[in-house]
Engineer: 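Have a look at this one.
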Amino acid sequence: MDHIKAAIRTIPDYPKPGIMFRDITTLLGNASAFRAAVDAMLLPHAGRKIDKVAGIEARGFILGGAIAHQLCVGFIPIRKKGKLPGEVVGEEYELEYGSDRVEMHVDAIEPGETVLIVDDLIATGGTAEAAIKLIRKVGGEVAGCSFVIDLPDIGGAKKLEALGVKVASLVEFEGE
Ligand code: AMP
């Protein structure tokens with residue numbers, strides 16, 4: 001995990017002052033770190049039935065696509081509002097100021113299918129919680145969530161665990 005953590009670049013004050021932006025583009029550009037991260041994101045869920053992988057826009061698409069390929073299963077994009085062309089289900093979630101919405105195609109999951117949710121980082125857990133609700137809304141089951149990075153001081157992983165979801169992450173950073 002030291003190799004993976006070392007491959008993540010921190011950019012202070014992006015996108016606004018006070019935020020330490022954990023940039024995984026350096027990890028994605030490092031062949032062995034990228035591959036190790038994809039393998040390690042799967043391992044905690046080994047033995048579980050996973051019918052599909054859902055990736056959260058936009059960095060979750062890259063990791064989730066690689067994980068779906070590894071598992072030989074389909075991929076579902078969970079996107080910001082207004083981006084998907086077909087009929088969608090949506091879920092609002094709170095931001096520090098205001099709210100946002102994620103959407104998924106209504107026919108992306110068959111009832112009873114189990115779905116692994118993937119993103120690069122969990123902070124408040126608001127985005128991932130909305131993704132869990134979307135999957136459950138159409139009759140899917142959440143097999144678990146996998147992130148590269150957890151910011152445990154913010155408590156997002158605990159929020160998802162309270163919804164009965166197994167949460168895995170590879171590395172932690174202190175603070176927000
Ligand atoms: P949250 O809904 O609060 O868990 O935020 C998670 C989403 O915001 C993920 O898609 C992350 O890519 C992004 N994000 C939040 N905080 C950071 C951060 N410090 N560095 C990089 N991405 C972040």
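Note that ligands are numbered from 1 as they come in the structure, with each ligand's atoms numbered from 1 the same way. Since the model is a prediction, treat every value here as computed from it, not as a measurement.
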Engineer: Can you name the atoms of ligand 1, numbered from 1 with element, that are less than 4.0 Å from a heavy atom of G126?
Structural biologist: 2 (O), 4 (O)
Engineer: What do we get for R59 next to ligand 1 when only non-hydrogen atoms under 4.0 Å count, side chain, backbone, both or neither?
Structural biologist: side chain
Engineer: Does K133 count as lying over the ring of Y93, i.e. NZ or CZ under 6.0 Å from the six-ring centre, within 45 degrees of the axis?
Structural biologist: no
Engineer: Tell me the protein heavy atom at minimum distance from atom 19 (N) of ligand 1, and give that distance in Å.
Structural biologist: M20 O, 3.0 Å
Engineer: Any ion pair linking E57 and K80 (charged N to carboxylate O, less than 4.0 Å)?
Structural biologist: no
Engineer: Looking only at protein heavy atoms, which one is nearest to atom 6 (C) of ligand 1, and what is the separation?
Structural biologist: L121 O, 3.6 Å
Engineer: Would you say the side chain of D39 lies within less than 4.5 Å of the side chain of Q70, judging by non-hydrogen atoms?
Structural biologist: yes
Engineer: Is there a donor-acceptor contact under 3.5 Å from the side chain of K159 to the main chain of T124?
Structural biologist: yes
Engineer: Calculate, to the nearest 0.5 Å, the distance between atoms CZ and CG belonging to R48 and D51 respectively.
Structural biologist: 13.5 Å
Engineer: From atom 8 (O) of ligand 1, is the closest protein heavy-atom distance below 4.0 Å?
Structural biologist: no
Engineer: One residue to check: D120. Relative to ligand 1, which of side chain, backbone, both or neither has a non-hydrogen atom less than 4.0 Å away?
Structural biologist: side chain
Engineer: Say whether R22, considering both its backbone and side-chain N or O atoms, lies within less than 3.5 Å of an N or O atom on ligand 1.
Structural biologist: yes
Engineer: Can you name the side-chain contact (heavy atoms from CB on, under 4.5 Å) partners of V142, sequence neighbours left out?
Structural biologist: I117, I132, I135, R136, V165
Engineer: Do ligand 1 and F21 have nitrogen or oxygen atoms that lie under 3.5 Å from each other?
Structural biologist: no
Engineer: Within less than 4.0 angstrom of ligand 1, does G125 place any heavy atom?
Structural biologist: yes
Engineer: Does the side chain of R79 reach to within under 4.5 Å of the side chain of F61, using non-hydrogen atoms?
Structural biologist: yes
Engineer: Is the closest side-chain donor-acceptor distance between T10 and R22 under 3.5 Å?
Structural biologist: yes
Engineer: Quick one: look at D119 and ligand 1, take heavy-atom pairs under 4.0 Å, and tell me if it's side chain, backbone, both or neither.
Structural biologist: side chain
Engineer: Quick test: of every protein heavy atom, which one is nearest to atom 2 (O) of ligand 1, and how far off is it to 0.1 Å?
Structural biologist: T127 OG1, 2.5 Å
Engineer: Given I24, I56, T124, I122, which has its nearest heavy atom closest to atom 1 (P) of ligand 1?
Structural biologist: T124
